[in-house]
Protein chains: 2
Amino acid sequence: MDITFENLKQELKKKNIGLSYQRLKVLEYLIQNRCHPTVEQIFTELQKDIPTLSKTTIYNTLRILAEADLVKVINIEEKEARYDIDTKDHGHFKCESCGAIFDFPIDIDSLIPEDLSKFKINDKNVYFKGLCPGCLYNNN
Amino acid sequence: MDITFENLKQELKKKNIGLSYQRLKVLEYLIQNRCHPTVEQIFTELQKDIPTLSKTTIYNTLRILAEADLVKVINIEEKEARYDIDTKDHGHFKCESCGAIFDFPIDIDSLIPEDLSKFKINDKNVYFKGLCPGCLYNNN
DNA sequence: ATACAAATTTGTAATCATTACAATGCTATT
DNA sequence: AATAGCATTGTAATGATTACAAATTTGTAT
Ligand SMILES: [Mn+2]
Ligand SMILES: [Mn+2]
Ligand SMILES: [Zn+2]
Ligand SMILES: [Zn+2]
C-alpha cells in the first residue's frame, strides 16, 4: 500500500480514529517531511497554519497514530523522539556530526536467530550511528 | 579478551582513568549483574556499601566508562537508559510484559547494505520488543 | 610526614521532553 | 436547540539527566 494522504485517511476511518483538522495536518506534514521530525519541528511548522495549536495535540496525535501503526516512533536519540510515516522495516543511521537521520534497507528477518524462536516479536529496530558522507568529506 | 574485574582494571589504567573506589564498585556491579541495570538499580544497590554515595557519581562513572568503550549504553526504552558490560555486538529484546531485556546473537555485519559504504559506522544497535516465552506462557 | 595541586565525589538546583488533567470547544444526532 | 461524545488547549506535574560549585580524596613533590 502506497503512503498517500488519501490512503492514510482511509486507514484512520477504518480504525475509527476521528479525522480532525489537526490530525490530518500532522499526517500531511509527516508525508511531506520524511526527515524523521521531532514533536518540536512538527509543532513549530503547523503552528503557522493553526495559531491556536497546542503541543499536547501533537503528542496526542502521534501517540494515536503510533498505536494504530500508522507512524513509527524512532528512539535513536536518548532525548527527543522522532517520527516516521514509513512503517515498513528499515534501518536508521544518525550522523553524530550534522544530526541527520538516514534510512537504509536491511533484511533483518533473514538473520533472526533460533534463540528467539519462542519469543513473539512485535517491533524491530536497527539504529546505527557515525558520520555521514558529507560530514566525512568536510570535517578534519 | 575476557570480561574480568582484573582485565577491566588494566583497561582503566591504560586509558588513564582513576581507579576510585566508587568506579571499581560500579564495574564490579555490572560484571555481576548482566541484566542491563538502570542507574537507579546500580545506585540503590551500591548505596548499601557506600552510604555517602551520590547518584551523580553513578552518572559520571557510567559516562566515563561508556566514553572509554568499557560499557555500552542501551537506549531500548524511551525513558531510562540501561547499561551493559558486554560491549561486543549483540541484539537486545525487551519483553513488553515483564520488562526483562534479553541478549541474542546477531551477525549484523553480514547484511550492512552497499548504501552505507560511504558512511563511517561507529555504533550499531539492534532492539526488538515483544513478549518473552515466560510471559507468552502465563498470559491470556 | 607536609603541603599542594589535580582528580573525584557529593548535594542541590536547573533543564527539558513528556504526561496528567481539567476546562473549553467542536461535531453529530435527536 | 439540547445533548453527548470526542478532540483540543493550557497549565501544572513528572522524572531522568545534566550543570555546577563546594567538599573530599588522591597523587606527587618537597
Ligand atoms: Mn525512516
Ligand atoms: Mn546485552
Ligand atoms: Zn552528517
Ligand atoms: Zn516477559
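Since this is a predicted model, take the numbers as computed values, not measurements. Chain identifiers are assigned alphabetically (A, B, ...) following the order of the sequence lines, protein sequences preceding nucleic acid strands; residue numbering begins at 1 within each chain.
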Taking the side chain as everything from C-beta on, heavy atoms only, tell me whether [X] gets closer than 4.5 Å to [Y].
X         : Y         : answer
Val26(B)  : Leu30(B)  : yes
Glu40(B)  : Ile58(B)  : no
Val126(B) : His92(B)  : no
His36(B)  : Asp103(B) : yes
Lys25(A)  : Tyr21(A)  : yes

Please report the distance, rounded to the nearest Å, between NZ in Lys25(A) and P in dT8(D).
14 Å
Could you tell me how far apart Glu77(B) (CD) and dT18(C) (P) are, to the nearest whole angstrom?
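Interatomic distance, CD of Glu77(B) to P of dT18(C): 15 Å.
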Name of the residue among Asp84(B), Asp89(B), Asn125(B) meeting side-chain hydrogen bond (donor to acceptor under 3.5 Å, both in side chains) with Lys72(B)
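Of Asp84(B), Asp89(B), Asn125(B), side-chain hydrogen bond (donor to acceptor under 3.5 Å, both in side chains) with Lys72(B) is met by Asn125(B) alone.
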Flag the pair Phe104(B) / Phe119(A) as yes when their ring centroid distance falls below 6.0 Å, and as no otherwise.
no
So if I define the base as every atom that isn't primed, P, OP1 or OP2, how would nucleotides 24-30 of chain C read as a B/S/- string at a heavy-atom cutoff under 4.0 Å?
-------
Any side-chain donor near an acceptor of the partner, Asn60(B) and Thr57(B), under 3.5 Å
no
Heavy atoms only, 4.0 Å cut-off, all strands: where does Thr57(B) land among base, sugar-phosphate and nothing?
base
Expected rows: protein N/O vs nucleotides 10-18 of chain D N/O, under 3.5 Å:
unit_1	atom_1	unit_2	atom_2	d
dG10(D)	N7	Ser54(A)	OG	3.4
dG10(D)	O6	Thr56(A)	OG1	3.3
dT11(D)	O4	Thr56(A)	OG1	3.4
dT17(D)	OP1	Ala81(B)	N	3.0
dT17(D)	OP2	Tyr59(B)	OH	2.7

side-chain N/O Ser20(A) vs dT8(D) OP1/OP2, d < 4.0 Å
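Yes, such a contact exists.
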Please evaluate residues Tyr127(A) and Phe93(A) with respect to the criterion ring-ring contact (aromatic ring centres under 6.0 Å, His included), reporting the C-alpha separation (whole Å), side-chain torsions for both, the decisive distance (0.1 Å), and the verdict.
CA-CA 6 Å; Tyr127(A) 298 146; Phe93(A) 182 101; over 10 Å; no
Between Glu77(A) and Lys94(A), the two heavy atoms sitting closest are OE1-NZ, 2.9 Å
Produce the list of close N/O pairs, under 3.5 Å, pairing protein atoms with atoms of nucleotides 23-29 of chain D; give distances to one decimal.
none

